[in-house]
K.L.:
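The structure under discussion is supplied below as structure tokens; questions concerning it will follow.
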Amino acid sequence: MSRIEQRVASPDELHRPGRWIALSVLVLAVLLVAIDATVLGLATPFLTEDLEPTGTQLLWIGDVYSFVIAGLLVSMGSLGDRIGRKKLLLCGATAFGAVSVLNAYAHTPEMMILARALLGVAGATLMPSTLALIRNLFHDPRERSLAIGIWGAMASAGAAVGPVVGGLLLEHFWWGSVFLINLPVMAVLVVVGAKMIPESRNPAPGPWDLASVALSFVGMIGVVYAIKELAAHGPSTGNIAAGIGGVAALCWFVRRQLTLPAPLLDMRLFHHRGFSAAVLADLLTILGLSGLVFFLSQFLQLVQGRGPLEAGLAELPAAVGAVVAGLIAGRAARRFSVRSVVSGGLAGIGLALAAVTLIHKETSYPLIGAVLLVVGVGAGFAFTVTSDVILSSVPKEQAGSAGAVSETAYELGAALGIALLGSIVTGVYQEFDTPQGVPSGPAAAAHESLGGAVEAAHGLPAQQGQALVFAAQESFVQGLGLAAGVGAAVLLATAVAAWFLLRGQKLEDGIVHQ
């Protein structure tokens with residue numbers, strides 16, 4: 001349980017004037033990152049046609065952003081605690097907008113991968129800063145629960161706005177335009193945020209240990225890369241060495257934190273059972289969900305033949321469910337219990353993913369929409385409450401580090417999910433039998449990706465092209481179903497674990513330790 005305040009907070013500390021306006025600016029950063037993540041999935045078929053990436057390059061384009069963010073979040077959260085979270089947020093927002101331009105005008109797969117990696121560096125400065133600033137803006141626990149719900153709801157709104165706005169842009173412009181929508185959001189955030197967001201930092205943070213920064217980055221990237229390559233290509237000397245090196249770096253990082261007087265990450269945070277359980281729940285939930293999120297847009301467009309705008313609108317139920325659930329999650333957790341809300345939300349997502357295994361090319365939209373709605377509601381309940389638990393488990397001076405750990409779990413889960421579940425989809429997909437008579441060139445292109453199969457079919461006789469696309473679509477759906485089944489198993493197991501690990505955990509009602 002979190003600490004109870006030893007002194008009486010003043011009214012100005014408890015209810016800081018302008019805090020809700022400051023929150024509205026903070027959630028713009030969340031909106032920025034959420035929009036960027038969702039429009040990539042929508043733009044993937046167009047990007048594939050233009051840049052012609054291999055299957056492996058396409059996976060790297062999808063997950064290198066999350067890899068880099070996962071490697072840097074802890075370091076950036078700690079940096080914000082030291083130099084000021086507002087300063088880091090505004091610098092990150094400026095860089096995010098600038099690098100978005102580089103993403104928009106990438107003309108080779110290699111350049112796109114590099115641009116996504118740089119965007120990950122900028123994104124790593126944004127995410128821990130927003131949660132940490134919320135922790136310092138809202139000292140009243142019930143207000144903070146609502147603020148976190150709004151924060152999560154805006155992330156979900158970004159997931160809805162991204163596909164719709166991206167669909168409109170893709171209907172009329174080239175795929176790079178979807179990244180340029182970051183620019184006006186960034187401009188508003190920087191201009192208004194400079195005036196409205198109060199600065200906060202740890203008053204006695206100690207030095208920023210560069211050796212710890214390097215160890216956390218190398219360790220995280222090494223482990224994630226090894227898992228990705230192992231899932232995609234099986235064991236090899238290179239990926240085994242990367243994995244061993246990554247684990248060694250992370251172990252060295254932990255040992256170093258335990259000996260430093262001012263560690264980059266205070267490992268004692270994990271002694272709090274609620275904190276550790278919430279972090280683990282977030283990581284496994286995103287791991288199970290990410291395969292569905294990454295490949296669903298391709299299913300709607302390339303299998304069911306929807307346009308980009310229609311595909312974006314089709315994904316709205318998930319965002320609507322998450323917004324509504326996020327806004328009431330704190331109240332529900334206080335009325336019932338933290339573990340019932342989190343476990344119930346995770347179980348709902350798991351059952352929805354299990355239903356995805358039944359989806360095929362001819363599946364009508366009501367089933368797909370119902371599945372997405374249940375996923376959204378479950379995620380809104382679970383993620384809002386776990387974020388609240390994580391933030392309220394630590395003193396406000398360590399809010400940046402706590403927020404960074406929360407976001408690291410999220411991004412690492414996304415990266416691992418895309419690597420593992422994405423590799424399942426890709427592995428099953430590439431095994432489809434090429435229809436008789438298809439030349440070797442188009443056949444090779446078709447086996448790289450579903451987008452490649454659709455493009456290759458354009459250069460073939462009509463009947464032959466249709467047979468190639470049909471075979472590729474059937475194989476893609478089989479892979480998606482298998483990945484969804486694995487995701488469902490992960491989510492249901494996580495729901496059971498959360499029920500036990502969050503036993504006795506409650507959200508605060510008193511004034512937290514200042």
Side-chain angles (χ1 to χ4, degrees), residues 22-43 47 61-80 83-106 111-134 151-152 154-159 161-163 165-166 169 175-197 199 217 400 403-404 406-408 410-411 414-415:
L23 175 66
S24 68
V25 177
L26 287 178
V27 297
L28 282 176
V30 179
L31 189 70
L32 191 83
V33 176
I35 286 176
D36 181 80
T38 53
V39 297
L40 177 65
L42 200 66
L47 183 153
I61 290 170
D63 59 26
V64 70
Y65 173 75
S66 293
F67 284 5
V68 173
I69 282 188
L72 288 177
L73 272 170
V74 169
S75 299
M76 292 303 180
S78 177
L79 181 63
I83 69 171
R85 295 143 190 157
K86 172 184 175 179
K87 182 184 298 181
L88 187 66
L89 177 73
L90 297 182
C91 290
T94 302
F96 199 93
V99 178
S100 293
V101 177
L102 182 61
N103 279 258
Y105 291 99
M111 185 176 178
M112 189 66 188
I113 293 171
L114 174 61
R116 295 292 294 169
L118 293 175
L119 202 65
V121 176
T125 68
L126 294 177
M127 299 308 292
S129 299
T130 58
L131 270 177
L133 286 165
I134 288 173
W151 175 85
M154 285 300 289
S156 300
V161 171
V165 174
L169 291 171
W175 59 264
S177 64
V178 300
F179 295 104
L180 300 182
I181 59 177
N182 293 335
L183 299 181
V185 179
M186 176 274 294
V188 172
L189 191 159
V190 172
V191 172
V192 181
K195 295 180 179 293
M196 297 303 303
I197 299 176
E199 183 61 279
F217 183 78
S406 174
E407 294 300 328
T408 298
Y410 186 98
E411 295 299 338

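Residues take their numbers from the sequence shown, with the count starting at 1. All values reported here derive from a predicted model rather than from experimental measurement.
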K.L.:
Kindly compute the distance separating CG (L183) from CZ (F96), expressed to the nearest 0.5 Å.
P.N.:
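Answer rounded to 0.5 Å: 10.5 Å.
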K.L.:
Looking only at non-hydrogen atoms, find the nearest pair between M112 and F179 and report the distance.
P.N.:
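The answer is CE-CZ, 3.5 Å.
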K.L.:
Using side-chain hydrogen bond (donor to acceptor under 3.5 Å, both in side chains) as the criterion, list what pairs up with T130, not counting sequence neighbours.
P.N.:
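So T130 forms a side-chain hydrogen bond (donor to acceptor under 3.5 Å, both in side chains) with W151.
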K.L.:
Less than 4.5 Å apart, side chain to side chain, heavy atoms only: is that true for S100 and L119?
P.N.:
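SC-SC contact between S100 and L119 confirmed.
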K.L.:
How far does CG of L79 sit from OG1 of T125, to the nearest 0.5 angstrom?
P.N.:
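So the CG of L79 and the OG1 of T125 are separated by 9.0 Å.
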K.L.:
Would a 4.5 Å heavy-atom cut-off, applied to side chains only, mark L89 and L26 as touching?
P.N.:
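Yes, side chains in contact.
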K.L.:
Looking only at heavy atoms, which two atoms of G92 and A122 are closest? And how far apart?
P.N.:
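Closest heavy-atom pair between G92 and A122: O-CB, 4.0 Å.
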K.L.:
With A93, which residues qualify under side chain to side chain contact (heavy atoms under 4.5 Å, CB included), at least two apart?
P.N.:
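By the side chain to side chain contact (heavy atoms under 4.5 Å, CB included) rule, A93 matches L126, M186, L189, V190.
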K.L.:
At their closest point, which heavy atom of L180 faces which heavy atom of A104, and how far apart are they?
P.N.:
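Heavy-atom minimum between the residues: CD2-CB, 3.6 Å.
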K.L.:
Identify the heavy atoms of M76 and L88 that sit nearest to each other, and give their distance.
P.N.:
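For M76 versus L88, the nearest heavy atoms are O-CD2, 3.1 Å.
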K.L.:
Give the intermediate values and the outcome of side-chain contact (heavy atoms from CB on, under 4.5 Å) for residues K195 and V25.
P.N.:
CA-CA 10 Å; K195 295 180 179 293; V25 177; over 6 Å; no
K.L.:
Which heavy-atom pair separates A124 from L72 by the least distance, and what is that distance?
P.N.:
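For A124 versus L72, the nearest heavy atoms are CB-CB, 3.7 Å.
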K.L.:
Give me the atom names and distance for the closest heavy-atom approach of N103 to A115.
P.N.:
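Looks like ND2-O, 3.2 Å.
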